[in-house]
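The basis for the numbers below is simple: all heavy atoms, side chains too, and nothing from hydrogens, waters or symmetry mates. Naming: A, B, ... by sequence-line order, numbering from 1 per chain.
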Number of protein chains: 2
Amino acid sequence: MTTDTFDIAPLFAPGQPVPAVRWTGYPKYNFIGGHNDADSTPVAALTEAANAVLTREGRDLSLYTLQSGPLGYRRLRDFLVGKLRRDAGIACAADEILLVSGSLQALDLVNALFVARGDTVIVEQETYGGTISRFARLGAAMVGIPLDRQGMRMDALAAALEDYRRRGVTPKFIYTIPTVQNPTGTIMPDERRRELLRLSEQYGVPVVEDDCYADLIWDHKRPPAIYAMGRRGQVIHIGSFSKSVAPALRVGYIVAPWDILSRLVALKTDAGSGALEQMVLAEYCTQHFHDHVPVLTRALREKRDTLMEALAEQFGTAAEFEAPPGGIFLWVKLPDQVDIAKLAQTALAAGIAINPGPEWSVDRDWSKSRMRLCFASPAKETIREGIAALAEVCRREFGVPARSANVEKRAGA
Amino acid sequence: MTTDTFDIAPLFAPGQPVPAVRWTGYPKYNFIGGHNDADSTPVAALTEAANAVLTREGRDLSLYTLQSGPLGYRRLRDFLVGKLRRDAGIACAADEILLVSGSLQALDLVNALFVARGDTVIVEQETYGGTISRFARLGAAMVGIPLDRQGMRMDALAAALEDYRRRGVTPKFIYTIPTVQNPTGTIMPDERRRELLRLSEQYGVPVVEDDCYADLIWDHKRPPAIYAMGRRGQVIHIGSFSKSVAPALRVGYIVAPWDILSRLVALKTDAGSGALEQMVLAEYCTQHFHDHVPVLTRALREKRDTLMEALAEQFGTAAEFEAPPGGIFLWVKLPDQVDIAKLAQTALAAGIAINPGPEWSVDRDWSKSRMRLCFASPAKETIREGIAALAEVCRREFGVPARSANVEKRAGA
């Protein structure tokens, strides 16, 4: 600061996050963030959609929420009514859907409705980093429920709920990503969803279902949404077009009965989410969504395969992972001597970005040698080069993988 | 609620706002909200812009913040650097601009940086309703500084600052809408801006300058922004494209030096504002913005004239107002016996929406017979019919205007 500067730092409210650092472009090997496959972005059809809807309804941009009111563009909500019935088994009306600025705004609104400082929330032990940082910022206590190959473990959930009941605490909700769990990639089967609802009922704790990856399952066999199986008001459902169409279009949605939705609407004081994106999505999705998704998932699956092959080749048995049945990320365990936070830092200096496990888990110790690798955005050749470069950094820092790793084979690979 | 309903109301966090009511369409005579003139919405050029930018850069929608990072689409920030220099006298770099989801998100971010429960903020006595409701929600104490025809009164500001200094309180900032003040329509002259900065300096209280109407001045003679006249870090500047292009495009911006902006970026946890709207605006504005604004302001001025004529005809001397030099609203005083909150309610039942003064003022008593009328959206004929209908309701409820009002003339009209 120079003497020419007016010093306002003493006026900042307490509890500020660390200031952002200047953005200097994406790293060469970018395995983080929910970025998608550029080749699968339906540019021509989105352009046509923009043309059609702007020509037909462009004058409505002069109105804050078009002709649709605060829930968002009616034609997109109408599309979602059909899509949610078809894909997720959800029977809801257009006025039980609130369009929001990405599923992140959905999380903020739901948190604003339920969470006060000192409250308790239940999450999967490994979960979305943005959820963890949000709860931390709000001063909420997070209880992490361990996962297995079928998602959140119900025995552990039951034990946690019972423990809190004994202590006289009612957690505000159970936050789950049941369908292509972030970061583990698991899909919770029907039976376990029913068990989750039974426990939710027994302990009077509602469920927040974050389903933003649910469109991206290779075989398109998606269980009914928990929302579809629960009682009215028991589940709040969150979805997004970020993963299925394009992340830069900031359009997500919340499904809930009106007595809950009306409270979320009251908390949404932004005079509406971006209308043009809602209009273009409605026009595009009504015609193309159900044809587009299989094209996208084929491309994603190929990239997943490329990533798994590259890991097997470069890390050999040092990298352990399950092949995810969908999504855009792989959750990888490295040998215990690898301090993943340190690896992430060193790798970034070499142009390789990875998500260190502790940012995606409420158990720092359990996740300290784990990482999330996103495979949707980088080209296949970039994935191969990037994993080779990462293996090189890891070997230099931690002595693993051994130099001979590329001739070792992973068990079962 | 039926017995089928899972009752989560006991889990809501304290301090919830009143739930939203179901939206049933716009009122027939809509004099509220920042809606704009549909005929002036540049639909064809926006459509062309969408075409061009999507064809050229549509693939980048696969990236959360395009190729631009968290500050927002670079080409729009580049446009703003030139626009702010030309129109507002602001010399800033592209990385001193943060693109946000409308100026409402700008207010939320600035409040998050400064305002904790119990803090004090200084506002104009009459000010934007969304600002008042935000501070109320945050538990901040608002001090309202009276306005005259040149905006916020500096004698009253000096007295308030001195009073707070004596009490050992430093207000967090002075929030002002200096250019086409909402709702009074005043423009603060250069000399008063300098006086404001002098007081800000003397008392160590920064200025938040909300300039979202500043493009809409009939004669386009806009004083330099307060930001342009202050020291580095003394002023945070907020702008928007909602009033100058289209409100449904939720794009606003914050201008601040990096040490402040980096903190606002850290608080902006939405993974970027809608990219398509930023892209289309950049493409459109670079070519058309400076030609579009005079076309829009001519149309707005005509509607203002229509509204003032209709008020003179229907209310005669019972409606007092100053002709605003720009903007989209008129601030009207009715006779003291008119309870404007009651009038607003009765009028709404008759299909006429007005903003009651007490929602736009921190002095409920002073504003209890005042109202804000927005004239940008309704057609001229609708303005005339609506004001006639409003006069009828007002007469029925409060006995004014007298039935002969349409032959009385306002003094000076």
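Side-chain polar atoms of B:Y73 and B:E283 form no donor-acceptor pair below 3.5 angstrom. A donor-acceptor contact closer than 3.5 angstrom links the side chains of B:S242 and B:R250. In this model, a donor atom of one side chain and an acceptor atom of the other lie less than 3.5 Å apart for A:S200 and A:Q234. With hydrogens and angles left out, the side-chain atoms of A:K268 and A:S101 include no donor and acceptor closer than 3.5 Å.
In terms of the ring pair (Phe, Tyr, Trp, His ring centres under 6.0 Å) criterion, B:W258 has no residue partners (sequence neighbours excluded).
Only the side chain of B:S377 comes within less than 4.5 Å of a heavy atom of chain A; its backbone N, CA, C and O stay farther away. For B:V53, no part lies under 4.5 angstrom from a heavy atom of chain A. Within the 4.5 angstrom heavy-atom criterion, atoms from both the backbone and the side chain of B:E201 approach chain A. Only the side chain of A:R134 has a heavy atom closer than 4.5 Å to any heavy atom of chain B. For B:S262, the parts lying under 4.5 angstrom from a heavy atom of chain A are both the backbone and the side chain. In this structure, no portion of B:L107 lies under 4.5 Å from any heavy atom of chain A. Both the backbone and the side chain of B:Q67 come within contact range of chain A, each with at least one heavy atom under 4.5 Å from a heavy atom of that chain. For a residue to count as touching a neighbouring chain, one of its non-hydrogen atoms must lie under 4.5 Å from one of that chain's; by this rule B:F114 touches chain A with backbone and side chain alike. Neither the backbone nor the side chain of B:T24 comes within contact range of chain A; no heavy atoms are under 4.5 Å apart. Heavy atoms of A:S62 lying under 4.5 Å from chain B belong to its backbone as well as its side chain. Contact of B:S68 with chain A is made through the backbone alone, with heavy-atom distances under 4.5 Å. For B:V18, the part lying near chain A is the backbone, with the side chain staying farther off; criterion is any non-hydrogen pair under 4.5 Å. Of the atoms belonging to A:V245, not a single heavy atom falls under 4.5 Å from chain B. For chain A, the nearby part of B:A112 is the backbone; its heavy atoms alone come within less than 4.5 Å. Only the side chain of A:L104 comes within less than 4.5 Å of a heavy atom in chain B; its backbone stays farther off. Interface residue A:D270: only backbone heavy atoms are found under 4.5 Å from chain B. Contacts between A:Q105 and chain B at a heavy-atom distance below 4.5 Å are absent for every atom of the residue. For a residue to count as touching a neighbouring chain, one of its non-hydrogen atoms must lie under 4.5 Å from one of that chain's; by this rule A:V205 touches chain B with the backbone only. Only the backbone of B:D37 comes within contact range of chain A, judged by heavy atoms closer than 4.5 Å. In this structure, chain B has no heavy atom under 4.5 Å from any part of A:L71. With a 4.5 angstrom heavy-atom cutoff, B:R137 touches chain A only via side-chain atoms. With a 4.5 angstrom heavy-atom cutoff, B:P171 touches chain A only via backbone atoms.
The shortest non-hydrogen separation linking B:I328 to B:G34 is CD1-CA, 3.7 Å. Listed here is the closest heavy atom pair of A:V265 and A:P70: CG1-CB, 4.0 Å.
With chain B as partner, the option from A:G58, A:A266, A:P19 having the largest number of non-hydrogen pairs under 4.5 angstrom is A:P19.
Ring geometry for A:F135 versus A:F173: interplanar angle of 30 to 60°, hence tilted.
The pair B:R232-B:D259 meets the salt-bridge criterion, since a charged nitrogen lies less than 4.0 angstrom from a carboxylate oxygen.
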